[in-house]
Amino acid sequence: MRAGVPVSWATRPADMPVVLGVLGTVATRFDVALDLDHDALASRPALRRELAAARAVAGAVHCAVAAGSPRLEHRSLLVEQGIQTIAIGGFDGVARSSRRPPPAGWACRTVVWGLWEARTVPEPRRPRLFRLLPWGVGTMATPGGLTVVHIDPATTGSRIGRVRLERLVQWIGRCTATVEATLLSDLPGLLGVAGQREAGSVLRRAA
């Protein structure tokens, strides 16, 4: 992993000790997000157990990742348990609008105070020619916008997922003048000052 490019890693509580042990040896910023499945998100007791198990291993956990477009039935519990950011594949159809307007072009919202939901995108598939060009991956970045990239080994396979992540990190490392990489746990702070930002993009690897 290229030093200096922060990455957020999503994992289940049972795997957190191994993940934390490995990441503690790399020279880059990272945080560990709780990987939540649909069953955990649908049940308040199950969600509470997952959050407690994660805290028992990692201490404070401030971000989570959920694949697909799950219904977030228990947003208030996520906030009570310290989750400030959740990365999801799509927004559910709640009636309430965002409590705080996100910056233009940022695919995120806050339905309840204290919790930002960020919509993820997979790394886009590109023509073979673009895969050979260093700027090919740049098509996913919108100037002045937010892109939360979700690379999921469950759908790509571990080897392909690693290749895609390494390629993305290498590209970010070459574009530090125009692209800012940050962590999921840093997203609420970025949103607080986003109105003062005039250019740049944020790319994330969520899982």
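Residues take their numbers from the sequence shown, with the count starting at 1.
Put simply, CG on L78 and CD1 on I86 are 5.5 Å apart, with the number rounded to the nearest 0.5 Å. Once rounded to the nearest 0.5 Å, the distance linking CG of L23 with CH2 of W9 reads 6.0 Å. Taking CH2 of W116 as the reference point, atom CG of L190 lies at 11.5 Å (rounded to 0.5 Å). Separating the OG atom in S43 from the NE2 atom in H74 is a distance of 6.0 Å, to the nearest 0.5 Å. Here the CD-CG distance, from E180 to D186, works out to 9.0 Å after rounding to the nearest 0.5 Å. Atom CG of L146 is separated from atom SG of C108 by 5.5 Å, given to the nearest 0.5 angstrom.
Annotation: side chain to side chain donor-acceptor pair (under 3.5 Å) contacts of T11 (sequence neighbours excluded): none. Contacts of R75 classified as side-chain contact (heavy atoms from CB on, under 4.5 Å), with partners at least two apart in sequence or in another chain: L72, D92, V94, R109, V111, V112, L115, E117. Under the side-chain contact (heavy atoms from CB on, under 4.5 Å) criterion, S76 pairs with R44, E80, sequence neighbours left out.
Pairing each heavy atom of V57 with each of P13, the nearest pair is CG2-O, 4.1 Å. Closest heavy-atom contact between W106 and L191: CE3-CD2, 3.4 Å. Residue G114 comes nearest to V79 through the heavy atom pair C-CG2, 4.1 Å, listed as atom of the first residue, atom of the second, then distance.
At least one side-chain heavy atom of M16 sits less than 4.5 Å from a side-chain heavy atom of L34. D35 is not listed as a side-chain neighbour of D15, based on a closest heavy-atom distance of 4.5 Å or more. Between T85 and V148, the closest side-chain pair of non-hydrogen atoms is not below 4.5 Å.
The backbone N or O of S185 lies less than 3.5 Å from a partner atom in the side chain of D31, making a donor-acceptor pair.
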Identify all side-chain donor-acceptor contacts of residues 63-70 below 3.5 Å with residues at least two apart in sequence or on another chain.
unit_1 : atom_1 : unit_2 : atom_2 : d
S69    : OG     : G90    : N      : 3.3

Do any side-chain atoms of residues 46-55 form donor-acceptor pairs under 3.5 angstrom with protein atoms, and if so which ones, sequence neighbours left out?
unit_1 : atom_1 : unit_2 : atom_2 : d
E50    : OE1    : R12    : NE     : 3.2
E50    : OE1    : R12    : NH2    : 3.1
R55    : NH1    : Q81    : OE1    : 2.6
R55    : NH2    : Q81    : OE1    : 3.0

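Screening residues 59-68 for salt bridge (Lys or Arg N to Asp or Glu O under 4.0 Å), with sequence neighbours left out, gives no hits. Sequence neighbours left out, not one pair with a member in residues 56-67 passes side chain to side chain donor-acceptor pair (under 3.5 Å).
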